[in-house]
Amino acid sequence: MSTILRRRSGFGWLLALAVWLLALAGTPAMAADAAADPAAAQVERQQTQPLNNAPVWREVRSGEVHFTTVRGPETGVLIQSEGQTWRQWRNGPVTFWGGVLLLVVPTAIGLFFAVKGAVKLHGAPTGRRMQRFSTFERVVHWGTAISFVVLGITGVCILFGKHFIEPVFGNAVLGGLLWAGKNVHNYVGPLFGVFTLLMILAFLRDNVWQAIDSVWIRKAGGIASGEHVPSGRFNFGEKTWFWIGVTFLGLIVAGSGLVMDFPNFGQTRATLQLANIIHGVGAILLIALSLGHIYMGTIGVEGAYQSMKTGYVDETWAKEHHEHWYDEVKAGRTGHP
């Protein structure tokens, strides 16, 4: 009896050894199949390494397109890791240096006004008026200006609100303001783009280069010396604002805003993120430049605001600020280059 038991026990060990050898022989084939089939590899990993989902999330964050039944750009990309890079740029350099610029520029303007004061007329007004701006030009200007101010205020709140609104009024107020500001920004943005195009068309011919502009550049417009420098309908400083501010930055800000306003034309997340950075940088530069333009058009130059408000200026003002244009008009010509 004991002999039979020993024989059965030895047979069992031999059977177990055979099964173990067969399992070893099949492991490379199973590993190869798992490598060829990611789904099978995942099933095996869940059995051998429960709760280890690192390889899955590594594939998800790779930016590669995976299978999905939804159709559209990037619908197969579950997580776009470049979004973190956009967030770091938006909340880092753009916010910090943009905030510095928007503090430095008005401070510099305030100091300049405190030292120099407003540019006043040297001669007495004649009481005779000249038309400087047509009704169409003033409507276009004020449409552009008002929409720009609305966008500037809401945009600054969206970008910097958590730094100066939330600490004072709390999350609830900030959330409500941002919700309202975002909707206003989205709807006014396209209107600003239309007015910007009309602005360019309305004032393009008066902002071309003229030989007299070289004199204005050489004497820096007489700002520091107070010297009288003749110019055409617009001087070189105003032309610089037109080309860099209104045209270049205005079109960039309006165009990038439209890309984000209407994301249903095949834009990817990377496209929207790039448009957002371009929009933010361009808008901050445009706001900074506009502060100088607003200053010169209001309290910086006596009579400048009235010219855009009514469309007319006194002959003394025209002669002292735009003598070449004044001579052209008085000679019976249009005053346009």
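What you see is a predicted model; the values in this text were computed from it and never measured.
A distance of 11.5 Å separates OH of Y312 from CE of M130, quoted to the nearest 0.5 Å. For the atom pair CD1 (I287) and CG (L102), the distance works out to 6.0 Å, reported to the nearest 0.5 Å. Note: I146 CD1 to H141 NE2 = 10.0 Å, rounded to the nearest 0.5 Å. Rounding to the nearest 0.5 angstrom, the gap separating the CG atom in L272 from the CD1 atom in I277 is 12.0 Å. For the atom pair NE2 of H324 and CD of Q210, the computed distance is 5.0 Å after rounding to the nearest 0.5 Å. To the nearest 0.5 Å, atoms CZ (F203) and CG (L198) are separated by 11.0 Å.
Panel note: side chain T154, backbone L151; a donor-acceptor pair is recorded below 3.5 Å. Judged by distance alone, the side chain of T316 and the main-chain N or O of A124 form a donor-acceptor pair under 3.5 Å. Put simply, the side chain of E320 gets close to the backbone of H122: a donor and an acceptor are under 3.5 Å apart. Of the possible donor and acceptor atoms, none in the side chain of T310 sits under 3.5 Å from a partner among the backbone N and O of S307. When atom types are taken as modelled, the side chain of E302 and the backbone of L121 share a donor-acceptor pair closer than 3.5 angstrom.
For the pair R138 and F133, the cation-pi test (distance below 6.0 Å, angle within 45°) is failed.
Within the structure, the side chain to side chain donor-acceptor pair (under 3.5 Å) test picks out the following pairs touching residues 249-270 (sequence neighbours left out): E74-R269, S256-H279, T268-T271.
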Side-chain donor-acceptor distances from residues 242-250 under 3.5 Å, at least two apart:
unit_1, atom_1, unit_2, atom_2, d
W243, NE1, N207, O, 2.8
T247, OG1, F242, O, 3.0

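Between W216 and I212, the closest side-chain pair of non-hydrogen atoms is not below 4.5 Å.
Screening Q306, H322, H321 for a side chain to side chain donor-acceptor pair (under 3.5 Å) involving R132 leaves a single residue, H322. Results of the side-chain contact (heavy atoms from CB on, under 4.5 Å) test with V229 over I217, V215, N235 single out V215 as the only residue that passes.
Q131 meets the side-chain hydrogen bond (donor to acceptor under 3.5 Å, both in side chains) test with no other residue; sequence neighbours excluded.
Under a 4.0 Å N-O distance rule, the pair E137/R233 qualifies as a salt bridge.
Between the side chains of S231 and D213, no donor-acceptor pair of N or O atoms lies under 3.5 Å.
Linking ILVMFWY residues whenever their side-chain heavy atoms come closer than 4.5 Å, directly or via other members, leaves F262 and L251 in distinct clusters.
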